[in-house]
Protein chains: 2
Amino acid sequence: MSRPVTSTDGSDEAQGGTVAGAAGSVGAAGSAGVAEESAGERSGASGDGRWPSIRGPRTGARATSRDVARVAGVSQATVSLVMGEKWRGRVSERTADSVRSAARSLGYRPNLAARNLRLGRTRTALLVVPALTNEFFARVYTGAARVAAEQGIGVVLYPSPEGVGPARDPFASARATLDGVIASSMAAEALTALREGGLPLVMLDSDPERAEAATTVNLDLADGMRQVAGHLLALGHRRFVHLAADIDSWTFRVRAAALAEALRGTPGTELTVVRAPLTVADGLHAAEHALTRPGPRPTALVCDDDVLAAGTCKAARRLGLRVPDDLSVTGFDDLSLATAVEPELTTVRLPAEGVGEAGMRALMGVLDGGPVAPRVLPVELVVRGTTTVAGG
Amino acid sequence: MSRPVTSTDGSDEAQGGTVAGAAGSVGAAGSAGVAEESAGERSGASGDGRWPSIRGPRTGARATSRDVARVAGVSQATVSLVMGEKWRGRVSERTADSVRSAARSLGYRPNLAARNLRLGRTRTALLVVPALTNEFFARVYTGAARVAAEQGIGVVLYPSPEGVGPARDPFASARATLDGVIASSMAAEALTALREGGLPLVMLDSDPERAEAATTVNLDLADGMRQVAGHLLALGHRRFVHLAADIDSWTFRVRAAALAEALRGTPGTELTVVRAPLTVADGLHAAEHALTRPGPRPTALVCDDDVLAAGTCKAARRLGLRVPDDLSVTGFDDLSLATAVEPELTTVRLPAEGVGEAGMRALMGVLDGGPVAPRVLPVELVVRGTTTVAGG
DNA sequence: CCATTCCGGTTTTACGTATAACTAGCGACG
DNA sequence: CGTCGCTAGTTATACGTAAAACCGGAATGG
């Protein structure tokens, strides 16, 4: 009832040699049974044998535009025109209505694979990030997806599936034909494959020197770190530790360089660099180590991200140090974590969703014919409760 | 070098207008130049007019299996066999090698839209979640993507793009033909559309009564809440507040019901329910309200998730209450936040990645012919630093 | 010595869609 | 009155791939 015309029916008619058999859709069973032995044989050997109708993982059980056409009594082309909203002046209001109601009654949804093949484009972009469990990238995705949705573009993800194997192909994993790619420079493993992919590419937070042909969207991380340094210097701090991410990426190299450079301007400053993976526990251990080494204790601990800063605060408390009175701590990113801990973190707010949005807009610009000017988004120091004057 | 087969050549000429780039790269420039005025005309009117070659968002500029075939001196079918790894005993080792090297030199990548159309399936699943910025769902995705990757399946996301409009079509937004869907019951807006989609559907954390035909993967949330209640009752707590999520979803209803039920077994217990959206700030305010109302102060505050618990801890500190000595607090989920705050949260650990993994496996089972038995994953109370004996 | 099987391919076809090219009917206009 | 233009469609075709059907020749078997 609800699924009147099946593709089997249609193909049988086609086998018969005539398209006129449309009328037979009601009682075609008899004619199909009589119609060539060969046809029956084929469907028996291939169709049923390989994909029993119940188990069939085939998406193909759905109604096609041809089914809709038959029900509405028009040609497939007309269905396509109506569904594509391109029928103004080409199809009468009445016909369009009947097509739409036929489509609705059949539960018709256009086959996107066919559409993509026909159009040679998919309005789909790939976003390549290191891991979605990092809130920063989850927010980048959110921003990108929002802009994309406004433009009828889809976003698929390639987060290196941690532990699946080293060099999986980001394109193959996307399982969809793509129009373009937005990639974080932190997704290092996938980068070379992406460059060779031959698709329009937008790089997020990547070294401008090495971006080559790709359009770039960057955060002004150096400025962020300069703001941190300025803030702490103004509070009188002189002995610094930089708790740096243990990741070899431009994103973090630029932080380190900017901090060192900013402190160099003030005489009498000391800077020790300690590295740790980006987890609370690792940050805690690294901070503990930095705070218990011999010599005068540092008064300011600058962290590469909020997670490390949270770990640092825990370490301080364990050592009996009060934050911020005995030790000032700064984070980076302004994740939701920054205001979940107590005291709330002084940190650098990165417009994560803005990065996603800008990245997607840049990609659309490239798709529309670029070139697109590189963008650098401003960042902002947010002073909260983990910093105060030195030696308070 | 040589131009052997005339028929092949002919078809090339016919397509010369559109594929000119690829043909030129091989070296057929001469023939392409001669190729029919008509072909040139067509590409001028349609191809160039609509998609100037430079601006072209067309994915189609890539080499096709036919291009590879021409370079390797074989038929397109042979290329397809070799690339599909189905050539054992059908193609000689030597020929397969030459096909592979031709493919490599042309940078050939199969067009997935065409493949999906041909096969009628895409090996792509849609994961529908409320928001990736919730770490729980980011981890669900991670688990699902890992299992999927092992099986050569892709995962695309439909996180309700917050603020894009109410009733967007999750299928259309996926921008890809799908084989199946995994949906969180919290993605309420999309649910009816998903049920009507006619695709294999796996529901995560949904009311078993209303799951209908869908396969379900659930967490034993009721048991989790019973463990919380048992833990707190054993510590001597009698005056409880349930800080509940302000979301009408089975996931939270079952928590509330289980807590109330568990306390009912012990005489002399009190339970007040307060609702709040799932943010630290909202949790803080709600907790503050609950802790300052007239009457004897509650000694245990049970939260629907870790974010609310973090907010509660902040509220307690603001009110001069020590956690856990004056107030025991429990969370739910065991997000990374749970161990980032101080003291670390006593909470219920949910196997978030396990949910994603089980969901994907269930979907694969359905795709392979199901039915698949519903699964209920166990959860585990993790006692940390926010709970202690009442009236300590 | 002919029938059969196997090897190593080729030819052909279908997947479902979008759209260029064409057409039949009809009113209007020079 | 022929022709033009407009309306409301239809017919035909190509997108790139996978795989079924086919096929020539060599090896094998009775």
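Proteins get letters first, then strands, A, B, ... in listed order; numbering begins at 1 in each.
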Gap between atoms [atom1] and [atom2], on [X] and [N] respectively (whole Å):
{"X": "B/L106", "N": "D/dG16", "atom1": "CG", "atom2": "P", "value": "14 Å"}
{"X": "A/N111", "N": "D/dC15", "atom1": "CG", "atom2": "P", "value": "18 Å"}
{"X": "B/D97", "N": "C/dG9", "atom1": "CG", "atom2": "C1'", "value": "16 Å"}
{"X": "A/L119", "N": "D/dG16", "atom1": "CG", "atom2": "P", "value": "12 Å"}
{"X": "A/M83", "N": "D/dG9", "atom1": "CE", "atom2": "P", "value": "17 Å"}
{"X": "B/R121", "N": "D/dT17", "atom1": "CZ", "atom2": "C1'", "value": "13 Å"}
{"X": "A/L117", "N": "D/dG16", "atom1": "CG", "atom2": "P", "value": "7 Å"}
{"X": "B/D67", "N": "D/dT17", "atom1": "CG", "atom2": "C1'", "value": "13 Å"}

Of all residues at least two apart in sequence or in a different chain, which pass the salt bridge (charged side-chain N to carboxylate O under 4.0 Å, His left out) check with A/R66? none

With sequence neighbours excluded, what pairs up with B/R123 under the salt bridge (charged side-chain N to carboxylate O under 4.0 Å, His left out) test? none

With distance as the sole criterion, do the side chain of B/R90 and the base of C/dG8 form a donor-acceptor contact below 3.5 Å? no

Donor-acceptor pair under 3.5 Å, B/Q76 side chain vs D/dA18 base: yes

Is the phosphate of [N], meaning OP1 or OP2, less than 4.0 Å from a side-chain N or O of [X]?
{"X": "B/S75", "N": "C/dG9", "result": "no"}
{"X": "B/T64", "N": "D/dC15", "result": "no"}
{"X": "B/S92", "N": "C/dG9", "result": "yes"}
{"X": "A/T78", "N": "D/dT10", "result": "yes"}
{"X": "B/K86", "N": "D/dA19", "result": "yes"}
{"X": "B/S80", "N": "D/dG16", "result": "no"}
{"X": "B/R115", "N": "D/dA18", "result": "yes"}

Just call it for B/V79: base, sugar-phosphate, or nothing, with non-hydrogen atoms closer than 4.0 Å on any strand. nothing

With respect to the side chain of [X], which nucleotide from [options] is positioned closest?
{"X": "B/R118", "options": "C/dT19, D/dT11, D/dT17", "answer": "D/dT17"}
{"X": "A/P110", "options": "D/dT10, D/dG9, C/dT17", "answer": "C/dT17"}
{"X": "B/V91", "options": "D/dG16, C/dG9, C/dT11", "answer": "C/dG9"}

Between A/L127 and A/V156, is any pair of side-chain heavy atoms under 4.5 Å apart? no

For the CG atom of A/L117 and the OG1 atom of A/T177, what is their distance to the nearest 0.5 Å? 8.5 Å

Short side-chain to backbone donor-acceptor contact, B/D67 and B/T64, under 3.5 Å: yes

Look at the side chain of A/S80 and the backbone N and O of A/T78, then say whether any donor-acceptor pair between them is shorter than 3.5 Å. no

Heavy-atom nearest nucleotide on DNA chain C for B/L81 versus B/A114: which residue maps closer to 5'? B/L81

Could you say whether A/R66 or A/E93 is positioned toward the 5' end of DNA chain D, judged by the nucleotide with the nearest heavy atom to each? A/E93

